[in-house]
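Notes follow once the structure below has been shown.
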Amino acid sequence: MRARRCDFHMHTSMSDGELLPMELIRRSAAMDHRAIAITDHASFSNLEWIVRDVAADCKKADAWGMEAIPGVELTHVPVRYIDEAVRKARKAGAEIIIVHGETPVEPVEKGTNHKVVSNPDVDILAHPGMMTIEDAELAAKNDIILEITCRKGHSLANGHVANMARDSGATVVVNTDAHSPSDLSTMQFATTVARGAGMSPEEVRAAMVSNPEKLLKRLRRS
Ligand SMILES: [Zn+2]
Ligand SMILES: [Zn+2]
């Protein structure tokens, strides 16, 4: 059967994205997405209401034959408080937790990647930038997924992240980090981004099809 797109990193007007969750879900359905995660920027100030409000629209995605998963992207949380924020996000009902990693284009606190891959309750380390092989190995051990990103700027380190994942055995997915309707990606475009990061056709297939399947299974269990 033909594989459909899964995208686990997307923003709405609940943070700095353009669309309401419902419109993001509609546009994703119209582009034949199988599943999306809505992961607005969150910290202690807003994570409870974001998760609650986004979940209200996610529950209606079944009308269009797709899954929408309410989550958060913990963003610029001080390293020493990341574990606390993860606990709080789970308690608030976040079904997927991703954390804004050490992208080359923002002053993310050093040590964020290491703290994130040390916490098995995190699902995805987003745009990890120039991560170390030790942190990639820890991600593999704790089953934290590394992200190849379609987002301009963050994507500058994609080739390095793909190498670290290959050398450590860590799992990879390809996300858009969409903020606008034009950021949504087809299977074809996401494949081009992953191939451009130096991934082989087999690695791309895993990142686009089997790894998303595994993640969806894990999210349903929790
Ligand atoms: Zn981010
Ligand atoms: Zn993001």
Test: [X] and [Y] ion pair at under 4.0 Å:
X	Y	value
Asp183	Arg151	yes
Glu109	Arg80	no
Lys115	Asp83	yes
Asp177	Lys152	no
Glu137	Lys141	no

Could you state whether [X] and [Y] fall into the same hydrophobic cluster, counting links through intermediate Ile, Leu, Val, Met, Phe, Trp or Tyr residues with side-chain heavy atoms under 4.5 angstrom apart?
X	Y	value
Met10	Ile25	yes
Val193	Val204	yes
Ile133	Ile144	yes
Val116	Leu146	yes
Phe189	Met208	yes

Next item on the list: Take atom CZ of Phe44 as the centre, draw a 6.0 Å sphere, and report whether it contains more than 12 heavy atoms from other residues, nucleotides or ligands.
Entry: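 More than 12 heavy atoms, drawn from other residues, nucleotides or ligands, come within 6.0 Å of this atom.
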
Looking at every non-hydrogen atom in both residues, tell me the closest pair between [X] and [Y] and how far apart they are.
X	Y	result
Phe8	Ile69	CE2-CD1, 4.4 Å
Thr149	Glu147	CB-OE1, 3.8 Å
Thr39	Glu73	O-CB, 3.4 Å
Ser118	His114	OG-O, 2.6 Å
Arg5	Ser185	NE-OG, 2.8 Å
Met199	Arg195	O-NH1, 2.8 Å

Please check this pair: side chain of [X] against backbone of [Y], looking for a donor-acceptor N/O pair closer than 3.5 Å.
X	Y	answer
His160	Met131	yes
Asn211	Ala206	yes
Thr176	Leu184	no
Asn46	Ser43	yes
Glu95	Gly71	no
Arg90	Ala94	yes
Asn113	Pro128	yes
Asn142	Val117	yes
Ser168	Met164	yes
Asp40	Asp16	no

Taking the side chain as every heavy atom from C-beta outward, state whether [X] and [Y] have any pair of such atoms under 4.5 Å apart.
X	Y	answer
Ile148	Val161	yes
Val174	Cys150	yes
Pro70	Ile38	no
Val108	Thr103	yes
Ile82	Pro78	no
Thr75	Val77	no
Ser28	Met66	yes

Check: Do Glu106 and His127 pass the side chain to side chain contact (heavy atoms under 4.5 Å, CB included) test, and can you show the C-alpha distance, the side-chain angles, and the key distance before you say yes or no?
Finding: CA-CA 11 Å; Glu106 284 176 31; His127 44 68; over 6 Å; no

Can you tell me how far apart [atom1] ([X]) and [atom2] ([Y]) are? Round to the nearest 0.5 Å.
X	Y	atom1	atom2	value
Asp135	Glu102	CG	CD	8.0 Å
Ile50	Arg52	CD1	CZ	10.5 Å
Arg26	Leu19	CZ	CG	13.0 Å
Ile145	Asp123	CD1	CG	7.0 Å
Ile36	Ile96	CD1	CD1	11.0 Å
His33	Met187	NE2	CE	9.5 Å

Notebook entry, point to check: For Ile98 and Val122, what are the C-alpha separation, side-chain angles and deciding distance, and is it a side chain to side chain contact (heavy atoms under 4.5 Å, CB included)?
Noted result: CA-CA 6 Å; Ile98 77 176; Val122 173; 5.9 Å; no

Checklist line | Ser180 and Glu18 side chains, donor-acceptor separation under 3.5 Å | finding: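 Yes.
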
Check: Step by step, would you call Asp121 with Arg87 a salt bridge (charged side-chain N to carboxylate O under 4.0 Å, His left out)?
Finding: CA-CA 8 Å; Asp121 205 25; Arg87 279 195 301 276; over 6 Å; no

Note to self: Less than 6.0 angstrom separating the ring centers of His41 and His179, yes or no?
What the structure shows: yes

Check: Taking the six-membered ring where the residue is Trp, are the ring centres of His154 and His100 under 6.0 Å apart?
Finding: yes

Next item on the list: Take Met31 and Thr186 through the test side chain to side chain contact (heavy atoms under 4.5 Å, CB included) and record every step on the way to the result.
Entry: CA-CA 7 Å; Met31 284 178 67; Thr186 58; 3.9 Å; yes

Next item on the list: Carefully, step by step, assess Glu213 and Lys217 under the rule salt bridge (charged side-chain N to carboxylate O under 4.0 Å, His left out).
Entry: CA-CA 6 Å; Glu213 272 319 313; Lys217 271 199 198 109; 5.2 Å; no

